[in-house]
Amino acid sequence: MSFYSIIEQYREFDFPGFFAGVTGEMVARSLAREKLSPTDFLVLLSPKAGEYLEAMAHKAQRLTVQYFGKTIQLFIPLYLSNHCANQCVYCGFNRQNAIHRRKLSLAEIETEALAIAATGMQHVLFLTGESPVHTPMDYLSRAAACLKRYFASVSIEIFPLDAPDYRLLQQAGVDGMTLFQETYDEVTYQRVHLAGRKTDYRYRLDAPERGAAAGLRMVNIGALLGLSEPRRDVFFTGLHGRYLEDTYLDTEVSISLPRFNEAAGSFQPDYLVDDPSFVQFMTALRLFSPRAGITISTRENARFRDRLLHLGATRYSAGSSTGVGGYTQTTVAQSPQFEITDNRTVEEVAAAIIAHGYQPVFKDWDVIG
Amino acid sequence: MTEDLLRLGNVSFSNRLFTGTGKFAANALIPKMLAASGSQMITVALRRIDSTARSENILAYIPKGVTLLPNTSGARNAEQAVRIARIAREAGCGDFIKIEVITDMKYLMPDNIETLRATEILAKEGFIVLPYVLPDLPLAKRLESAGAAAVMPLGAPIGSNRGLETQSLIALLIENCQVPVIVDAGIGRPSQAAAAMEMGADAVLVNTAIATANDPEAMGAAFSLAVRAGRAAYLAELAEPSTAARASSPLTGFLHENQFGL
């Protein structure tokens, strides 16, 4: 069994036809249900449901407060390496980009860890490009073991691994993973991933499942909204999350909604997700999966992020740098993976969360094996 | 009349509302809620305690005189629960431990088997063990013989606010357990807390309904009143509700009549 078999069930499904047929009554009915079916979820993702945003937001807020309380879990990304053998047309680390490539030594990782720890952050997410030559398993395990000494929770956002390698990292102290499918549409997927191991759609699709099976307690998935028709990508993201929740009861599932920043980069996505659509997608996800974490990164601007914490968001990155060595080596050219639009410090983000009546949570885990 | 106290381990509690530290909009609300409710025991997840003190220390918000009940939230099996309990004790959190082993992140159902295993180990190590379980009488009896100081059956899934969905199963525990029965999880309203106490629960633990209320302080006070009312009714031996009208001339009345029918 793989989530792929669920995607296949929708191969012939007429999404535009379905969306065109959604009525106000259907939206009201789906909105009122306690447990939403995939069809209810699709109804709430329809253009028609965009007219019911306020009602969706109210229910999303109520469910989020019920299951998560008035709290926001904070984490910080740490880029270890930007070496990459993939050619993803939208990514700053694309192997064809003439950027300064480097990876942190273990000593440098420790220096970055100290700098991050000084901000009070306790949950760290480390990232690399996909280059098993530059960042092999041995390097990743040592990095994890090093970070474990400074942080309560260590997660990875790296290339997909085989099951034994997920277990290896889990034993080294990693407790969570983030991996975006980028798009669930296979045709678009092949069009934007031109070379490298990332061209293998299925291997990537099944990776969160391999991580969950290996005992990672938290799995964060997502699609890079804009590559393909976003309503469909959000729909499959939600179904993927529910599949993981149903199959791996002991795994906490979280969902990200990364989207292209209109202003940033030379890549022009086929679709742009505006703020109202973003809120619709996020609240629909909350209604479909009341217990799933919703992660909002610093791709989103400060003002917008402050509003989202009332609408279902539960996990925020803060004080982020998306360049290798970004926390200590300010003079080095940064070549970030993506542009950050919320540039506030950890302290400023925490203060904003408090000002909005929520509690910033720095620590909510212990790696106890 | 002697004071109605609940004794757990070596501590006596006059207030039978236990509370939690999760889900509050700010830790500063915790001491206010404790003062308003009079709650004398509060649970805290060890995973939330930052011993490095790089961020805010949640323990600093729990006044002296309130007993700390560290819990093993995050444990997926008995071994992890045991490890967390030992860490909690070493961190100075005392001997109380609420065992929470959850392998189901969807409904947050406790894993009764792993919970029993952890109880067996920790009770031997001198912990005052309060296991959080699905209400299952044979299991509760085994927990009791393993040395649990109480059993904590759930009323409904954590955070669900659905009340006493497991009422008839909890009633069996109340009737048959020697150790105190503390209803934990699912209680969303003061009236539900009162109902649990009326049926003979020894205490209730309420977190979500208080922490996520618009005014946690006032809601804590409301729950405390409800728990007192329910307890008082239980002690006063509540009359069982009856579906049939009681005949004013009892059917067996003749047995007590004298030969003259008087």
Side-chain angles (χ1 to χ4, degrees), chain A residues 34 61-74 116-123 150-153 175 212 215 217-219 242 244-254 289-293 346-347 350 353-369, chain B residues 20-30 45-58 61 72-77 79-88 91 101-109 111 114 157-162 188 207-214 216:
Chain A
E34 195 187 350
Q61 183 184 56
R62 180 173 63 73
L63 289 170
T64 309
V65 169
Q66 183 182 341
Y67 289 113
F68 295 87
K70 292 174 182 168
T71 65
I72 295 288
Q73 172 68 53
L74 294 177
I116 295 173
T119 67
M121 280 297 202
Q122 290 267 23
H123 289 217
Y150 296 93
F151 300 98
S153 166
D175 60 275
R217 61 113 189 169
M218 200 275 286
V219 173
R242 183 172 278 190
L244 292 168
E245 282 178 344
D246 288 348
T247 316
Y248 300 94
L249 280 179
D250 59 349
T251 303
E252 290 171 31
V253 175
S254 290
S289 285
R291 286 192 189 273
V346 171
E347 211 173 324
I353 291 169
I354 292 167
H356 278 262
Y358 279 62
Q359 180 182 181
V361 173
F362 287 84
K363 176 178 179 290
D364 190 22
W365 192 246
D366 283 299
V367 182
I368 40 134
Chain B
T21 50
K23 300 189 180 179
F24 281 92
N27 286 336
L29 291 166
I30 295 170
L46 188 81
R47 60 195 266 185
R48 285 289 303 277
I49 297 174
D50 186 356
S51 49
T52 67
R54 291 213 298 264
S55 59
E56 200 171 67
N57 185 357
I58 200 164
Y61 291 88
T72 64
S73 162
R76 300 283 202 267
N77 55 44
E79 286 71 28
Q80 291 179 355
V82 166
R83 224 169 304 159
I84 293 171
R86 290 173 184 159
I87 294 170
V101 181
I102 290 176
T103 48
D104 151 38
M105 293 302 120
K106 247 180 114 181
Y107 309 103
L108 303 179
M109 287 290 157
D111 185 322
E114 295 295 319
I158 295 179
S160 69
N161 293 336
R162 289 207 206 133
N207 179 37
T208 300
I210 294 174
T212 66
N214 277 335

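Chain letters run A, B, ... following the sequence lines, proteins first, then strands; residues in each count from 1.
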Part of A/Gln73 within contact of chain B (heavy atom distance under 4.5 Å): neither

Toward chain B, the part of A/Val253 with a non-hydrogen atom under 4.5 Å: neither

Looking at [X] and [Y], what are the two nearest heavy atoms and their distance?
{"X": "B/Ala25", "Y": "A/Gly357", "result": "CB-O, 3.0 Å"}
{"X": "B/Lys23", "Y": "A/Thr71", "result": "CA-CG2, 4.0 Å"}
{"X": "B/Leu46", "Y": "A/Lys363", "result": "O-NZ, 3.5 Å"}
{"X": "A/Lys70", "Y": "B/Asn214", "result": "NZ-OD1, 4.0 Å"}

With sequence neighbours excluded, residues passing salt bridge (Lys or Arg N to Asp or Glu O under 4.0 Å) with A/Arg217: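 Salt bridge (Lys or Arg N to Asp or Glu O under 4.0 Å) check on A/Arg217 returns A/Asp175, A/Glu252.
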
Heavy-atom pair count under 4.5 Å with chain B, highest-scoring of A/Gln359, A/His356, A/Gln66: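 Highest number of pairs under 4.5 Å: A/Gln359.
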
Heavy-atom donor-acceptor pair, A/Glu245 side chain to B/Lys106 backbone, under 3.5 Å: no

Can you say whether [X] sits under 4.5 Å from chain A via the side chain, the backbone, both, or neither, judging by heavy atoms?
{"X": "B/Arg48", "answer": "both"}
{"X": "B/Ala28", "answer": "neither"}
{"X": "B/Ile58", "answer": "neither"}
{"X": "B/Ile102", "answer": "neither"}
{"X": "B/Ala26", "answer": "backbone"}
{"X": "B/Asn27", "answer": "both"}
{"X": "B/Thr212", "answer": "both"}

CG-CG distance between B/Asp104 and A/Leu249, expressed to the nearest 0.5 angstrom: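 Nearest 0.5 Å value for the CG-CG distance: 5.0 Å.
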
Rounded distance (nearest 0.5 Å) linking atom OH of A/Tyr67 with atom OG1 of B/Thr208: 10.0 Å

Choice from B/Glu79, B/Met109, B/Arg76 maximising heavy atom contacts with chain A below 4.5 Å: B/Arg76

Electrostatic pair B/Arg47:A/Asp366 at N-O distance under 4.0 angstrom: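 Looking at B/Arg47 and A/Asp366, the cut-off is not met.
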
